[in-house]
Every structure is written in C-alpha cells, then in structure tokens.
Amino acid sequence: MNESKKKSLPKEVEQLLRGVEKVVEESEFLEKLKLGRPLKVKLGVDPTSPDIHLGHTLGLTKLRQFQDFGHQAVLIIGDFTAMIGDPSGRSVTRPQLTHDQVMQHAATYRDQAMKILDPEKTIIRFNGEWFELMSFEDVIKLNSRVTLQQMLQREDFSLRLAKGHPIRAHEIQYPIMQGWDSVMIRADVELGGTDQLFNIMVGRNLQKEEGQPRQVGIFLPILEGTDGIQKMSKSLNNYIGVTEPPGEMFGKLMNISDSLMLRYYDLLLQESPPADTHPMVAKKELARRITARFHSQADAARALEEFERRFSARDLEAVSLPEFSLSEDSASDVVSIVCAAYARCFNINKSKSEVRRLLAQGSVRINGEKLSDPLAKPELPNGIVLRLDKTRAVRILRPS
RNA sequence: GGGUAGGUACCGAAGCGGCCAAACGGGGCGGACUGUAAAUCCGCUGGCUUAUGCCUUCAGUGGUUCGAAUCCACUCCUGCCCA
C-alpha cells in the first residue's frame with residue numbers, strides 16, 4: 001500500500017460508515033480495507049416489482065459510495081430468489097412470480113439502479129446463473145448446512161409459527177440462496193437493510209464453510225414509507241418510486257409528517273434539516289432536493305413552483321393539469337364524466353358508486369363550488385378546471 | 001393416514017336459519033380545520049342507468065328449506081395433536 005492510500009483510509013472509513021446502522025464485524029472491515037485492493041461489494045435486489053423506490057436507494061447510494069472509492073460493485077439481480085420472495089419482515093407467503101415476470105422486472109430495475117450507480121463500473125450478475133445449474137443433490141447438500149432451528153429463530157418466522165400461520169418449505173430456502181450468492185461471487189462486503197441481518201449472516205457462515213474469507217455485513221437503516229410507520233414497500237403502497245414524475249414525487253414528499261421529514265433528511269440527504277426554519281419550508285427543501293436528484297434541478301424547481309401555486313395559493317387555473325377532452329354530443333351527467341376523467345387521466349378505475357360518494361361528500365368541484373348532485377349536467381366550458389379530489393384535477397377540453 | 005379446530009369483505013374479527021351487503025376494530029378514502037403536516041371532528045368503505053329497488057358476495061360444488069354466511073353431503077385449503 002502506498003503512502004497516499006494510507007493517509008486517506010480514515011476518511012474513507014468514516015464516509016463509508018456514515019449513515020450505517022451496524023457493521024458485522026467492524027474490525028474485519030478495517031482489515032479488508034487495508035488489503036489495498038478493490039473490495040467486492042455485493043448488493044442483492046429482488047425484482048419482485050418493476051419499480052425501485054426511495055427505500056432501495058439507500059443501499060444503492062451506499063454502493064455508489066464504495067464505487068467512488070474504487071471498490072468493485074456487484075449488483076446481484078435475484079431472478080431466482082425473487083421467485084420465492086424474501087420472507088424478511090413478512091407475515092404471509094409472498095405470491096410467486098414466474099421467471100418471465102421476474103426477468104421483465106429485472107430489465108427496468110437495472111435501468112433505474114443505474115441512475116444511482118456508475119454503469120461502467122458495476123458488475124451485474126443474475127443468481128439464476130448458478131442456481132439454474134444446481135442439481136437436486138446440490139440443493140440437498142446446501143440445505144444440510146443450515147438447521148431448521150436457526151431459520152425458525154427469525155422473528156418473522158417465529159411470529160408466524162406462534163400465530164399458527166403457515167410457513168411454506170420453500171420460504172426457508174431464501175436465506176440459504178442469498179448466502180450462496182455471496183459464496184459464488186466471493187463477496188468481501190454485503191450491503192443490506194437491518195432486516196437482512198439473518199440472510200447476510202448465513203452468507204458469512206457458508207463462506208466460512210467453503211474456506212473463503214467471510215464477508216462483512218454492512219447494515220443500513222430501513223426507510224419508513226410515506227405512512228411513517230411501516231417499511232417503504234410497493235405492496236403497502238407507501239412508496240415513492242424513483243421514476244415517478246417530478247410533480248408526484250414532490251407532492252408525495254410534501255405529504256409526509258414532520259417527524260418523518262426528520263428521518264428522511266437523515267437517511268436520504270444524510271444531514272439535519274436547516275435550523276430555525278418552519279417545518280413546511282424545510283419540507284419543501286427536502287422535496288425539492290430529492291426530486292432534483294432523480295430528475296433535474298429545473299424539474300424540481302418547476303415542481304416546487306407548481307406546488308405553491310396549486311396548494312398554497314390554491315390557484316388551479318394557472319397550473320398545468322391533465323386535459324380531459326369532452327366530446328360535444330356527450331351530455332353526460334357528472335358521475336360519468338368524473339368516472340371517465342379518473343380512468344383516462346389518472347388510470348384509476350372508480351366505480352360509479354364510489355364516484356357518487358365522492359360527489360356526495362363534496363370532493364368534486366368546479367371553481368371551488370362543490371358539485372354534489374350526481375344527476376346534474378353541469379356547464380363545462382372549454383378550459384374549465386374540474387377538481388376531482390384533494391390531489392387530482394383535470395382541465396376540460398372541448399373541441400371547438 | 002387418524003383425531004381435532006378452522007376457512008367471513010383490504011386485514012383482524014363477530015354473526016351460527018329470516019331484522020345480513022353482513023356488528024366491531026385497523027387500514028383506506030372524502031369532508032371540516034391546516035402547512036396536501038400532525039392532532040381532532042364528521043362521513044364513506046360490494047356493484048348497478050338513487051332505487052323504501054335489483055344483482056353478486058361469507059373456500060368450492062350440490063342438497064334441505066317459503067327462506068342459508070348460518071343446517072346436511074361431498075370436495076379443496078390451513079393450524080394443532082398423533083403416526
């Protein structure tokens with residue numbers, strides 16, 4: 001190791017461990033860094049859904065940091081593990097996906113991950129590469145190294161056990177497979193959320209048995225979803241996707257609670273919110289910066305401006321809205337119009353009963369006036385704004 | 001394979017022949033108040049060309065009954081105990 005490298009090491013360690021919740025084992029990590037070669041840093045992702053959200057970005061951002069220090073990032077796309085679904089933190093068996101579905105997700109997933117990682121310096125491996133080749137005999141051998149008790153100690157399983165909920169045999173394969181990935185790529189470091197503790201430890205054990213140096217587990221905090229309580233996840237619908245349009249991303253961020261905002265500052269920006277600032281102002285800043293990260297400064301500035309006009313000044317007229325064209329002949333009632341607007345402009349299927357409820361409760365408005373009569377056939381001149389609910393409105397377009 | 005307890009709406013959970021589209025809680029949604037925050041309050045939460053109306057739902061299929069989520073038979077699924 002040369003002199004300059006030696007000097008920069010403390011800084012490197014400090015940065016790489018910033019925002020990290022736990023390291024197993026820190027001393028081993030320091031030893032590995034002193035080896036003076038690029039470390040193989042593994043991050044596994046399961047393409048169980050086509051989108052990645054802010055929760056995933058914690059791991060990706062950390063991986064990027066490793067890349068920037070010259071380490072080798074290995075992104076494992078768990079095409080085989082995704083078919084099982086990680087049982088971590090789950091109280092029910094995940095629905096099983098076909099390999100085709102998984103591969104479709106994987107493609108979009110990779111693109112999104114590369115928004116954060118350096119594509120030139122990232123090795124991408126699919127774990128199907130090795131699992132596909134294993135015989136049943138190999139699988140049995142692999143399984144013989146782990147005891148059922150170890151598996152069942154995990155909270156998610158023991159809870160299900162206690163509650164009498166089923167645990168299917170394939171689910172306990174998951175940690176074994178994830179661990180085997182580490183063996184196959186000879187990982188030096190594996191990144192993961194704190195909920196990955198068990199899975200990553202299995203990797204360590206398997207590596208040891210294979211005579212490899214054990215990987216170091218670096219555990220990142222779990223990002224709460226927009227509800228502020230549960231882990232951000234697609235299935236709980238409390239996520240902010242990295243490909244969401246700027247306006248939506250900004251809006252979702254503005255909708256979080258103040259206490260969650262502190263958390264997001266901490267985890268996503270790795271800093272504290274500005275002192276002596278109104279929470280709302282701080283939140284706008286958070287929303288702006290995160291939006292800028294996944295879009296552009298200009299997009300973020302526009303999102304902020306639109307937000308202020310729309311929600312602070314309550315000026316729907318001046319804001320860009322989806323356009324809903326109404327054909328001349330259709331003298332439809334409000335219910336059908338609103339229903340169609342939801343469907344065409346927002347891809348949301350609302351039943352007519354549901355729309356009637358919204359009407360009755362005063363959600364639908366024109367010029368701030370509530371339209372509560374479902375049978376009404378209101379005047380809807382060209383260009384007028386039809387408010388559907390708190391966050392959605394359309395501009396009516398009539399062919400002239 | 002034997003025994004036993006179960007399978008109810010997004011989730012948990014009542015109901016155990018008519019008053020059941022199904023209590024209650026959670027979640028979600030809408031409204032009021034706000035900072036698209038929190039807290040609070042009110043309302044909604046199967047569908048339908050608003051109808052003291054009709055249709056589809058209580059694992060599935062058949063049956064008993066004027067009438068079934070509720071009773072019977074078989075099937076499928078799950079937990080627990082035994083093998």
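Since the structure is predicted, the reported quantities are computational estimates derived from the model, not experimental observations.
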Checklist outcome for this item: Winner on side-chain proximity to A/Arg387, out of B/A37, B/G30, B/U36, is B/G30
Next on the checklist: Just by distance, no angles: are the side chains of A/Thr194 and A/Glu21 close enough, under 3.5 Å, to form a donor-acceptor pair?
Outcome noted: no
Checklist entry - Atom CD1 of A/Ile167 to atom C1' of B/C80: distance rounded to whole Å? => result 14 Å
Checklist entry - Looking only at atom types and distance, does a side-chain atom of A/Asp51 sit under 3.5 Å from a main-chain N or O of A/Val242, one as donor and one as acceptor? => result no
Next on the checklist: Can you tell me which nucleotide in B/G30, B/G35, B/U36 comes closest to the side chain of A/Leu358?
Outcome noted: B/G30
Item to check | With A/His295 via ring pair (Phe, Tyr, Trp, His ring centres under 6.0 Å) - residues at least two apart | outcome: none
Checklist outcome for this item: Scanning all shown strands, the Watson-Crick or wobble mate of B/U40 with both distances under 3.5 Å is B/A32
Item to check | Euclidean distance for P, B/A32 against B/U36 (whole angstrom) | outcome: 13 Å
Checklist entry - How long is the line joining CG of A/Leu236 and C1' of B/C11, in whole Å? => result 11 Å
Checklist entry - What's the closest nucleotide to the A/Arg356 side chain, out of B/U36, B/U49, B/G79? => result B/U49
Next on the checklist: Under 4.0 Å, heavy atoms only, any strand: does A/Lys283 hit a base, just the sugar-phosphate, or nothing?
Outcome noted: base
Next on the checklist: If I pick the P atom on B/G47 and the same atom on B/U56, what distance separates them, to the nearest angstrom?
Outcome noted: 16 Å
Checklist entry - When the P atoms of B/C48 and B/C81 are considered, how many whole Å apart are they? => result 47 Å
Checklist entry - Hey, are A/Asp68 and A/Arg64 close enough for a salt bridge, meaning a charged N less than 4.0 Å from a carboxylate O? => result yes
Checklist entry - When you compare B/C58 with B/A9, how far apart are their P atoms, in angstrom units rounded to a whole number? => result 9 Å
Checklist entry - Quick one: is B/G47 close enough that its OP1 or OP2 comes under 4.0 Å of any side-chain N or O from A/Arg357? => result yes
Item to check | Nearest-Å distance for atom pair CE/C1', residues A/Met254 and B/A37 | outcome: 8 Å
Checklist entry - Considering every strand shown, what is the Watson-Crick or G-U wobble mate of B/U4 when both distances are under 3.5 Å? => result B/G79
Checklist entry - Which pair of heavy atoms, one from A/Met254 and one from A/Ala287, lies closest together, and at what distance? => result SD-CB, 4.1 Å
Checklist entry - Would you say B/A32 has OP1 or OP2 under 4.0 Å from some side-chain N or O of A/Lys390? => result no
Next on the checklist: Between B/G7 and B/G15, how far apart are the two C1' atoms, rounded to whole Å?
Outcome noted: 15 Å
Next on the checklist: Rounding to an integer number of Å, can you tell me how far A/Ile229 CD1 sits from B/G28 C1'?
Outcome noted: 13 Å
Next on the checklist: What is the distance, to the nearest angstrom, from the NZ atom on A/Lys350 to the C1' atom on B/G28?
Outcome noted: 10 Å
Next on the checklist: Nearest to the A/Arg168 side chain among B/U36, B/U78, B/G31, which nucleotide is it?
Outcome noted: B/U78
Checklist entry - Within the structure shown, what part of the strands sits under 4.0 Å from A/Gly362 by heavy-atom distance: base, sugar-phosphate, or nothing? => result sugar-phosphate
Item to check | Minimum-distance nucleotide to A/Pro166 side chain [options: B/U36, B/G79, B/C29] | outcome: B/G79
Checklist entry - How is A/Asn255 classified with respect to the nucleic acid when contacts are heavy atoms under 4.0 Å: base, sugar-phosphate, or nothing? => result sugar-phosphate
Checklist entry - Nearest to the side chain of A/Ser353, which nucleotide is it out of B/G47, B/G30, B/A37? => result B/G47
Item to check | Side-chain N,O (A/Arg160) to OP1/OP2 (B/G79) below 4.0 Å | outcome: no
Checklist entry - Of all heavy-atom pairs between A/Gly59 and A/Leu191, which one has the smallest distance, and what is that distance? => result O-CD1, 3.8 Å
Next on the checklist: When you measure only distances, ignoring hydrogens and angles, does the side chain of A/Asn237 come within 3.5 Å of the base of B/G28 through a donor and an acceptor?
Outcome noted: no
Item to check | C1' atoms of B/C66 and B/A14, separation to the nearest Å | outcome: 28 Å
Item to check | Residue A/His278, side-chain atoms from C-beta onward, closest of B/G35, B/G30, B/U49 | outcome: B/G35
Checklist entry - On a whole-Å scale, what distance lies between the C1' atoms belonging to B/G28 and B/C10? => result 8 Å
Checklist outcome for this item: If pairing means Watson-Crick or G-U wobble with both distances under 3.5 Å, then the partner of B/C74 is B/G60
Checklist outcome for this item: Ranking B/G31, B/U36, B/G35 by distance to the side chain of A/Arg365, first place goes to B/G31
Next on the checklist: Mind checking if A/Leu260 touches a base, just sugar-phosphate, or nothing, with heavy atoms under 4.0 Å?
Outcome noted: nothing
Checklist entry - Taking atom types as modelled and ignoring hydrogens, do the side chains of A/Asp333 and A/Ser336 form a donor-acceptor contact shorter than 3.5 angstrom? => result yes
Item to check | Side-chain donor-acceptor pair present, A/Gln65, A/Lys62, cut-off under 3.5 Å | outcome: yes
Item to check | Euclidean distance, atom CD of residue A/Glu354 to atom P of B/G46 [Å, nearest integer] | outcome: 10 Å
Next on the checklist: Show, in sequence, the C-alpha distance, side-chain angles and deciding distance for A/Asp188 and A/Arg37, and conclude whether the salt bridge (Lys or Arg N to Asp or Glu O under 4.0 Å) test is met.
Outcome noted: CA-CA 11 Å; A/Asp188 293 302; A/Arg37 64 164 170 85; 3.0 Å; yes
Next on the checklist: Does the structure place the NZ or CZ of A/Lys252 under 6.0 Å from the centre of the six-membered ring of A/Tyr239, at an angle of no more than 45° from the ring's axis?
Outcome noted: yes
Checklist outcome for this item: Residues A/Gln178 and A/Thr81: closest non-hydrogen pair is N-CG2, 4.4 Å
Item to check | Separation of the P atoms in B/C54 and B/G63, to the nearest angstrom | outcome: 24 Å
Next on the checklist: Only pairs with both distances under 3.5 Å count, Watson-Crick or wobble alike; so what is the partner of B/G67 in this structure?
Outcome noted: none
Next on the checklist: Between A/Ser351 and B/G47, is there a contact of a side-chain N or O with OP1 or OP2 at under 4.0 Å?
Outcome noted: yes
Checklist outcome for this item: Atom CG of A/Leu359 and atom P of B/G31 are separated, to the nearest Å, by 12 Å
Checklist entry - Taking atom C1' of B/G30 as reference, at what distance in whole Å does atom CG of A/Leu371 sit? => result 15 Å
Under 3.5 Å, which protein N or O atoms sit close to an N or O of nucleotides 41-43 of chain B? Give each pair with its distance.
from: B/G43; atom 1: O2'; to: A/Gln361; atom 2: OE1; distance (Å): 3.2
from: B/G43; atom 1: N2; to: A/Gln361; atom 2: OE1; distance (Å): 3.4
from: B/G43; atom 1: N2; to: A/Gln361; atom 2: NE2; distance (Å): 3.2
from: B/G43; atom 1: N3; to: A/Gln361; atom 2: OE1; distance (Å): 3.0

Item to check | Base-pairing mate for B/C48 - Watson-Crick or G-U, with both contacts under 3.5 Å | outcome: B/G53
